[in-house]
Amino acid sequence: MNKVISLLGPTASGKTEFAIFLKKNFDLEIISIDSVMIYKYFNIGTAKPNESILKKIPHKMVNIIEPFEKFSVAKFYSNLLDCINEAHSKGKVPILVGGSMMYFKTFFSGGLSDLENVSESTKKKVQEIFASKDLENIYDFLKKLDPLIAKNIHPNDKYRIARMLEIYFSNNEIPSIALSRYSRNVQCFNNLNLSIIPNDRTLLHNNIEKRTNSMIDMGLIDEVLDLRNKYPKQFLPAMSSIGYKQVNQYLLNDIDLLSMKSKIMAATRQLAKRQITWLRHLDATTVYTSIDYDNIESRVRDFLKS
RNA sequence: GGCUUGGUAGCUCAGUUGGUAGAGCAGUGGACUGAAAAUCCUCGUGUCGGCAGUUCAAUUCUGCCCCGAGCCA
């Protein structure tokens, strides 16, 4: 009794509805694998199930932190293990549903390297380096410090170069050594992994268009306004996610309503593409080209019986 | 009807003093271990509106035609 079902798919592929359908037929516990739905009050733009659905059909890992809090894969992973254990202790099989593929990857590979947390002062130090030096120089520094790690990072990838410096300063070791240190709990679950890779991109794009329009109709702009009023000067990590970012640009008069919509749709399509790239290369999952209710349901039924 | 102006990649446009063209966006494929819905990389042949003329050579010059915008009647 250590079964775990995973259902992964790109945005707008209908996985959430499908998980709810499965939950009605089997004794499952839904655990969301979504880096933005974890935030409270980010509802419409994340396509989060509404409150009455969440009440009837609880989703773990949804609405677990405040908008101004910082989250991370590490926090996600330890939370996830707790949720899985809790479900198992209740005799339920957890079903992990979502599209945050790095989170899934972390779960499948049994966790992250054993690293020190990065302190605020270290973060600041790294920021100052980036403010005072050219990216090129910083990359050269990393290349001399740790050629192995630099090889895997593109010189333009500011984000990852910064992260490697943070790792270096917090662990007092070069990143490639620090990252190779694991205190992993070996993945000891009995997994059923199901992926949705839509074979009809046009259909997916149409769904994205419909869903974006309906988000706006449902009041996405008001949701962003409310968040801005509630947290006027705070940095909200989820504000840089799709939908929220573009509505903010619209509210600042940087773009008009029409281009706001088309930018949201484009960003969503790009997200779906990246998610599909992950799915093509994550192994050990059974791939479906669309949500095939009958086939997936019988697959789940067999798995639960076994 | 006359004058002005534009018609170049799916979209917005640049360019060729005549040698068949290139950016941004979109799209595609990919990378990705603590903000990942983030961050980053790869990929550009299109009757240069149509027909004819000049020319060794026209998308570029000339003429006519078609379509759009503006102004004048």
Side-chain angles (χ1 to χ4, degrees), chain A residues 10-12 32-39 42 44-48 65 67-80 98-120 122-123 126-127 130 135 139 149 151-167 170-171 175-184 201-202 204-205 208-209 211-212 215 220 235-248 255 258-259 262-282:
Chain A
T11 184
S32 159
I33 306 295
D34 189 297
S35 62
V36 192
M37 283 196 207
I38 53 161
Y39 285 103
F42 283 75
I44 297 170
T46 62
K48 201 184 274 177
I65 61 172
F68 49 82
E69 287 185 82
K70 286 185 180 160
F71 201 64
S72 67
V73 212
K75 288 179 186 165
F76 158 81
Y77 184 63
S78 78
N79 252 295
L80 175 63
S100 293
M101 300 308 171
M102 189 176 72
Y103 289 9
F104 268 115
K105 192 206 167 193
T106 302
F107 171 65
F108 292 152
S109 55
L112 300 162
S113 301
D114 192 16
L115 300 175
E116 295 296 325
N117 287 327
V118 181
S119 68
E120 284 306 312
T122 302
K123 278 189 185 164
V126 171
Q127 273 172 20
F130 274 80
L135 187 58
Y139 183 75
I149 215 81
K151 216 176 66 187
N152 295 320
I153 296 177
H154 189 97
N156 289 349
D157 200 343
K158 197 172 162 182
Y159 185 98
R160 289 204 170 75
I161 296 170
R163 170 93 255 260
M164 290 309 134
L165 295 188
E166 288 177 2
I167 291 177
S170 332
N171 294 276
S176 56
I177 303 267
L179 283 164
S180 65
R181 217 177 40 235
Y182 289 96
S183 57
R184 278 188 179 172
R201 198 60 72 91
T202 315
L204 183 69
H205 288 181
I208 288 170
E209 183 175 346
R211 207 180 60 171
T212 303
M215 281 176 180
L220 178 61
F235 172 72
L236 308 181
M239 272 300 181
S240 55
S241 64
I242 295 168
Y244 297 92
K245 181 181 166 188
Q246 294 79 4
V247 170
N248 267 303
I255 53 176
L258 207 69
S259 80
S262 67
K263 275 171 189 280
I264 293 174
M265 290 174 196
T268 310
R269 280 182 241 124
Q270 289 161 352
L271 168 65
K273 183 165 74 78
R274 274 178 272 128
Q275 288 172 312
I276 290 168
T277 302
W278 274 107
L279 292 178
R280 288 196 188 109
H281 301 274
L282 279 174

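Values in this document were obtained by computation on a predicted structure and should not be read as measured data. Proteins come first, then strands; the chains are lettered A, B, ... in the order of their sequence lines, and each starts at number 1.
Classified by its glycosidic torsion, B:G34 falls in the syn category, the angle being within 90° of 0.
Residue A:N152 is out of contact with every strand shown, counting any heavy-atom pair closer than 4.0 Å. Within 4.0 Å of A:R274, counting heavy atoms only, lies at least one base atom of the nucleic acid. Among the heavy atoms of the strands, none lies under 4.0 Å from A:K245. Backbone-only contact: A:V73 has heavy atoms under 4.0 Å from sugar-phosphate atoms and none from a base. Residue A:Y103 is in sugar-phosphate contact alone, with no base atom involved, counting any heavy-atom pair closer than 4.0 Å across all strands shown. In this structure, A:T268 reaches neither bases nor backbone, as no heavy-atom distance under 4.0 Å exists between it and the strands shown. Among the heavy atoms of the strands lying under 4.0 Å from A:R280 are primed sugar atoms or P, OP1, OP2 only; no base atom is included. At the heavy-atom level, A:E166 lies nowhere under 4.0 Å from the strands shown. Across all strands, A:F235 comes closer than 4.0 Å to base atoms (heavy-atom distances). Within 4.0 Å (heavy atoms only), A:T106 reaches no atom of the nucleic acid at all. Residue-level contact check: A:G45 touches the bases, meaning some heavy atom is under 4.0 Å from a base atom. A:L115 comes within contact range of at least one nucleobase, with a heavy-atom separation under 4.0 Å.
Rounding to whole angstrom units, CD of residue A:Q275 and P of B:U39 are separated by 15 Å.
For the P atoms, the distance from B:U17 to B:C61 is 11 Å, rounded to whole Å.
Judged by atom type and distance alone, A:R160 reaches the base of B:A38 through a side-chain donor-acceptor pair under 3.5 Å. Residue side chain A:K273 reaches the base of B:G29 through a donor-acceptor N/O pair under 3.5 Å, judged by distance alone.
In this structure, A:K245 places its NZ atom where only 12 or fewer heavy-atom neighbours from other residues, nucleotides or ligands lie under 6.0 Å away.
A:P237 is listed as a side-chain neighbour of A:Y39, based on a closest heavy-atom distance under 4.5 Å.
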For this session: For RNA chain B, just give me the dot-bracket, please: Watson-Crick or G-U, both distances below 3.5 Å, ( ) intra-strand, [ ] crossing earlier pairs, | paired with another strand, . unpaired.
Result: (((((((..((((.....[..)))).(.(((.......))).).....(((((..]....)))))))))))).
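A:R274 pairs by the salt bridge (charged side-chain N to carboxylate O under 4.0 Å, His left out) definition with nothing, not counting sequence neighbours.
When the options A:I276, A:T277, A:L271 are evaluated for a side-chain contact (heavy atoms from CB on, under 4.5 Å) with A:P10, the one that passes is A:I276.
Note: A:I167 CD1 to A:T122 OG1 = 12.0 Å, rounded to the nearest 0.5 Å.
Side chains of A:T11 and A:R211: a donor on one and an acceptor on the other come within 3.5 Å.
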